[in-house]
Amino acid sequence: MAGLQARYGDQREYLQAVREVLESIEDVYNRHPEFEDARIIERLVEPDRIFTFKVTWVDDNGKIQVNTGYRVQFNNAIGPYKGGLRFHPSVNLSILKFLGFEQIFKNSLTTLPMGGAKGGSDFNPKGKSDSEIMRFCQAFMLELWRNIGPDMDVPAGDIGVGGREIGFLNGMYKKLTRKHQGVLTGKGLAYGGSLVRPEATGYGAVYFLEHMLHYHENKLDIKGKKVAISGFGNVAWGACEKATQLGATVVAISGPDGAIYNPEGMTQEKLDYMLELRASNNDVVAPFADKFPDSKFLPGKKAWDVKCDIAMTCAFQNEMTGADAKELVGNGTWCCVEVSNMGCTPEAIETFQKAGIMFAPGKAVNAGGVATSGLEMTQNAMHISWTAKEVDEKLHSIMNSIHEACVKYGKQPDGYINYVKGANVAGFMKVAEAMLEQGVI
Ligand code: 2IT
């Protein structure tokens, strides 16, 4: 850590993500001198390579715009590089290195053969027209295409990159290579996408939550529980829908402008409206309360200001602070599942763990998204498509395996499951073994 701190002192998110993993794996690392001999940690914390490129495009007013594009290929010990692209003004190397690093362990947990990568741009999709989005995506792919491939590196979506963007990116890749290959996941159904991929991150998170609850000594059930969910993007929507289907009451959602208090829970109409809000590209949730009078807009508030049994972070890294966590615990919340990547600060995680409440980290909880991307890759390689039922069953069994792996490596002597430790150790062991067996490369 000291070495990384000296070299990358300004990469706060990256250092945070690495520190969490290293703290978790310290015990097992010390029990395996062969890891130390092979300098596994030193080799793992440094990305295999990073591409940085200029993306120039012309906006609707004929003005030339310049953005920076990135792809961080972190580790391909267990399979081709795999991970999303994020288009957001906050994107920088620290954020993409943290996301790429987390992706290694997450992808390892899925049981599928995928390495870790992440990419994106500081491009802000907010307020852009469809043609501007298309021109940006085309310009982005014009640079990226040489460095990706179905057996090399398979990007997907993340914040700011959904079905529309994947379509434009795939179109350009196809034009440049003259090959229709499964080089991106999250594709539309008409050109090689997988059923259930759009819902998979949110659904998978709720399946994981169900396993956590059932595993509890009192065999808890999600039915009848009050759930607060931050965010109103793709992931939050999937989580809201599945939690509602399973009988939970989603009492809060939130956006950058504030929270929605929703005591009666979700209806199909409300879930559909979440998608509409997101598509409007305005980053606000306030109109939800105008449309549904049984809900109330709480300006500037977070979803955590609403009393709930279970909190699910579905928005952004470090969205849950130590103070938020204390407020939740004080209000009687007894479970928190991190769905956004690194959604909780180290202080928040410590607060939950010290209070002895159930907590699981994003790299386990949200792995259903990339797992279903893996299933999309399989279907593309086989030139077939599975039914929604087939994909959903596979997703179920993957989330079950991830939960089991967390319990195996995270069970403490007093019976408390440290899911952070469990996920990090389980994810790490497979990667470390794959690196050991393949020599110094
Ligand atoms: O954070 C993530 O796991 C994703 N954005 C999805 C990555 C993928 O390749 O589907």
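Each ligand, and each atom within it, is numbered from 1 in the order the structure gives. Values below: every heavy atom of this structure, side chains too, minus hydrogens, waters and symmetry copies.
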Participant: Specify whether Phe208 and Tyr419 have parallel, tilted or perpendicular ring planes, treating 30° as the upper limit for parallel and 60° as the lower limit for perpendicular.
Facilitator: perpendicular
Participant: What do you reckon, does Ala156 have a nitrogen or oxygen under 3.5 Å from a nitrogen or oxygen of ligand 1?
Facilitator: no
Participant: Starting from atom 7 (C) of ligand 1, what is the nearest protein heavy atom, named by residue and atom, and what distance separates them?
Facilitator: Gly84 N, 3.6 Å
Participant: Short list, please: which atoms of ligand 1 are under 4.0 Å from a heavy atom of Gly157?
Facilitator: 4 (C), 5 (N), 6 (C)
Participant: Considering only heavy atoms, does Val154 approach ligand 1 within less than 4.0 Å through its side chain, its backbone, both, or neither?
Facilitator: neither
Participant: Kindly confirm or rule out a cation-pi arrangement of Lys118 over Phe98, judged by NZ or CZ under 6.0 Å from the six-membered ring centre and within 45° of its axis?
Facilitator: no
Participant: Report yes or no: does Arg86 have a heavy atom closer than 4.0 Å to ligand 1?
Facilitator: no
Participant: Heavy-atom count around Lys242 NZ within 6.0 Å, excluding the residue itself: above 12?
Facilitator: yes
Participant: Could you tell me if the side chain of Leu15 sits less than 4.5 Å from the side chain of Val18, heavy atoms only?
Facilitator: no
Participant: Can you sort out which atoms of ligand 1 are near Asn341, meaning under 4.0 Å from one of its heavy atoms?
Facilitator: 1 (O)
Participant: Before signing off on this row, confirm whether Asp158 and ligand 1 have an N or O atom pair separated by under 3.5 Å.
Facilitator: yes
Participant: Please report which non-hydrogen protein atom sits nearest to atom 6 (C) of ligand 1, along with the residue it belongs to and the distance in Å to one decimal place.
Facilitator: Arg197 NH2, 3.6 Å
Participant: For atom 10 (O) of ligand 1, which protein heavy atom lies nearest, and how many Å away is it?
Facilitator: Ser373 OG, 2.5 Å
Participant: I'd like to know if Lys118 contacts ligand 1, where contact means a heavy-atom distance under 4.0 Å to any ligand atom.
Facilitator: yes
Participant: Parallel, tilted or perpendicular: which describes the rings of Phe352 and Phe359, with under 30° parallel and over 60° perpendicular?
Facilitator: parallel
Participant: Kindly indicate whether a cation-pi arrangement holds for Lys411 with Tyr416, taking the cut-offs as under 6.0 Å to the six-membered ring centre and within 45° of the axis.
Facilitator: no
Participant: Under a 4.0 Å threshold between the charged nitrogen and the carboxylate oxygen, would Glu143 count as salt-bridged to Lys54?
Facilitator: no
Participant: Decide, yes or no, whether a salt bridge links Lys225 with Asp309 under the criterion of side-chain N to carboxylate O below 4.0 Å.
Facilitator: no
Participant: Could you list which atoms of ligand 1 come closer than 4.0 Å to a heavy atom of Gln103?
Facilitator: 1 (O), 2 (C), 3 (O), 7 (C)
Participant: Considering only non-hydrogen protein atoms, determine which one is nearest to atom 3 (O) of ligand 1 and report residue, atom name and distance to 0.1 Å.
Facilitator: Lys106 NZ, 2.7 Å
Participant: Please write down residue, atom name and distance for the protein heavy atom closest to atom 9 (O) of ligand 1.
Facilitator: Lys82 NZ, 2.7 Å
Participant: Considering the options Trp57, Phe123, Phe53, which one meets the ring-ring contact (aromatic ring centres under 6.0 Å, His included) requirement together with Phe140?
Facilitator: Phe53
Participant: Decide whether the shortest distance between a heavy atom of Pro155 and an atom of ligand 1 is less than 4.0 Å.
Facilitator: no
